**Q** 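First, the structure itself, so that you have it in front of you.
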Amino acid sequence: MRRKIIAGNWKMNNDVSGTVNLISEIKKELNGKIVNADVIVCPPFTNLETAYTLVKDSSIKLGAQNMYYEESGAFTGEISPLMLKNVGCEFVILGHSERRTVFGEDDQIINKKIKSAIKHKLKPIFCIGETLNEREKGVTFKVIETQLKNGLEGLSENELSNLIVAYEPVWAIGTGKNATPQQAQEVHQFIRSLIAKMYSQNFAYQLVIQYGGSVKPDNAKELLSQPDIDGALVGGACLKADSFVKIIEAV
Ligand code: 13P
């Protein structure tokens, strides 16, 4: 059975004291509860070190929201995989739609980042998803296929053993309008069957595919009960401990 993974993408929210408060509250709320999911928090870069001191004695794991693919050098403003490892990160979100649309990242850059993350033993949370326009034009599967194939180009099944895929329809991100469980399940099933063709049935079966896009305590249970939805990548609702923990409990 695939273990469910709930990750909180804090985006550009919380300073150091906000990070201390939020993680402390999440730990307090989770204390003594039996949780059937792995839990990851992904604060901004400047708060990772603080976050690590708070999660290291707990079951909560730490992720970053992005990274550059080089190890060091003249790349003003960028953060390397070695730097993320150095402050205790185990995961890194790559290819988020905000990186693609606001910062112009394309599939080729994302592919280099995934390769670099794997080389440095960071577990990639690889985001893919169609825009509203693409969904309305009926090209959702085509877009997903292109993003998936380009992003994973040149990587073997063995190298991808720690891959997490996050399906995040762009039209559902931050809009309050989540994909219906049926819409999400349809795409998750498509992703899994495509991965089976690209790699193997066995690899596809064990691959964790998260859903992201307006996941809230009141829709989490139904989304997470779909057969191919193995967790959630949560934005807005992860910024409050009680709603984030309710989503974790929905598992
Ligand atoms: P929201 O949950 O705010 O829609 O954001 C989803 C997301 O982008 C997570 O990466």
Side-chain angles (χ1 to χ4, degrees), residues 4-14 18 22 26 37-45 47-48 51 60-67 84 89-105 110 113-114 117 122-132 134-135 140 143-144 147-148 151 163-181 183-184 187-188 191 208-224 226 229-251:
K4 298 241 193 301
I5 302 180
I6 307 294
N9 174 8
W10 295 15
K11 307 195 179 182
M12 198 170 69
N13 293 293
N14 282 319
L22 182 50
I26 294 169
D38 287 344
V39 178
I40 307 169
V41 290
C42 304
F45 290 135
N47 309 346
L48 288 171
I60 301 171
K61 295 161 198 242
L62 188 62
Q65 299 172 21
N66 182 33
M67 58 165 230
L84 296 184
C89 285
E90 184 178 342
F91 296 86
V92 59
I93 300 171
L94 296 173
H96 191 279
S97 80
E98 286 145 21
R99 298 298 319 169
R100 293 175 188 263
T101 56
V102 185
F103 301 100
E105 289 189 16
I110 295 160
K113 291 186 173 191
I114 295 175
L122 282 161
K123 299 172 182 168
I125 302 178
F126 169 34
C127 303
I128 54 176
E130 82 287 1
T131 62
L132 183 59
E134 288 161 344
R135 175 160 283 264
T140 296
V143 169
I144 294 293
Q147 291 178 345
L148 206 55
L163 176 76
I164 297 170
V165 172
Y167 168 58
E168 297 207 310
V170 180
W171 49 271
I173 296 177
T175 58
K177 186 175 174 236
N178 62 287
T180 65
Q183 283 173 321
V187 179
H188 281 234
I191 293 169
V208 169
I209 309 174
Q210 293 177 316
Y211 167 78
S214 298
V215 176
K216 304 272 180 289
D218 61 1
N219 61 23
K221 195 167 182 178
E222 214 190 336
L223 283 161
L224 291 165
Q226 299 300 310
I229 299 185
D230 309 316
L233 184 54
V234 186
C238 80
L239 296 173
K240 293 262 179 302
D242 69 328
S243 55
F244 188 52
V245 170
K246 279 194 185 115
I247 292 169
I248 296 165
E249 288 176 317
V251 175

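Each ligand, and each atom within it, is numbered from 1 in the order the structure gives. This structure is a prediction, so every number in the text was calculated from the model and none was measured.
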**Q** Measure from atom 5 (O) of ligand 1 to every heavy atom in K177, K11, E168 and give the option owning the shortest one.
**A**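 It is K11 that holds the nearest heavy atom.
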
**Q** What is the closest protein heavy atom to atom 3 (O) of ligand 1, and at what distance does it sit?
**A**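 For atom 3 (O) of ligand 1, the nearest protein heavy atom is G236 N, 2.8 Å.
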
**Q** Within the structure, is a non-hydrogen atom of G174 found at a distance of less than 4.0 Å from ligand 1?
**A**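 For ligand 1, residue contact (heavy atoms, under 4.0 Å) with G174 is present.
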
**Q** Do any N/O atoms on N9 end up under 3.5 angstrom from N/O atoms on ligand 1?
**A**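 Yes, there is a polar N/O contact under 3.5 Å.
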
**Q** Using a strict cut-off of 4.0 Å, indicate which atoms of ligand 1 neighbour a heavy atom of H96.
**A**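 Those qualifying, in numeric order: 7 (C), 8 (O), 9 (C), 10 (O).
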
**Q** Heavy-atom contacts with A172 under 4.0 Å: which atoms of ligand 1 show up? List them by number with element.
**A**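 It comes down to these atoms of ligand 1: 4 (O).
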
**Q** S214 heavy atoms, cut-off 4.0 Å: which ligand 1 atoms fall inside?
**A**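 Checking each atom against S214, I get 1 (P), 2 (O), 4 (O).
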
**Q** If we only count N/O pairs under 3.5 Å, is G235 in contact with ligand 1?
**A**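 N/O-N/O distance below 3.5 Å exists for this pair.
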
**Q** Do any N or O atoms from the side chain of Y211 and from the backbone of A179 form a donor-acceptor pair under 3.5 angstrom?
**A**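 The answer is yes, because a donor-acceptor pair under 3.5 Å joins these two groups.
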
**Q** If I take atom NZ from residue K113 and atom CD1 from residue I93, how far apart are they, to the nearest 0.5 angstrom?
**A**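 If we round to the nearest 0.5 Å, K113:NZ and I93:CD1 are 12.0 Å apart.
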
**Q** For ligand 1, which atoms sit closer than 4.0 Å to a heavy atom of G213?
**A**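 So the answer, numbered in order with elements, is 4 (O), 6 (C).
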
**Q** I'd like to know if the side chain of S214 and the backbone of I173 have a donor-acceptor N/O pair within less than 3.5 Å.
**A**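 A pair under 3.5 Å: no.
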
**Q** Where the side chain of N219 meets the backbone of T180, is there a donor-acceptor pair that is under 3.5 Å apart?
**A**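 No: the side chain of N219 does not pair with the backbone of T180.
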
**Q** Tell me, please: is C127 in heavy-atom contact with ligand 1, that is, under 4.0 Å?
**A**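 Contact absent.
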
**Q** Just by modelled atom types, is the G104 backbone N or O under 3.5 Å from a matching donor or acceptor in the R99 side chain?
**A**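 Side chain of R99 to backbone of G104, a donor-acceptor pair under 3.5 Å: no, none is there.
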
**Q** Between H188 and Q226, do the side chains contain a donor N or O and an acceptor N or O under 3.5 Å apart?
**A**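 Not at all, the side chains of Q226 and H188 share no donor-acceptor pair under 3.5 Å.
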
**Q** Do Y167 and E130 meet the criterion of a side-chain donor-acceptor pair at a distance under 3.5 Å?
**A**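 Indeed, the side chains of Y167 and E130 share at least one donor-acceptor pair under 3.5 Å.
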
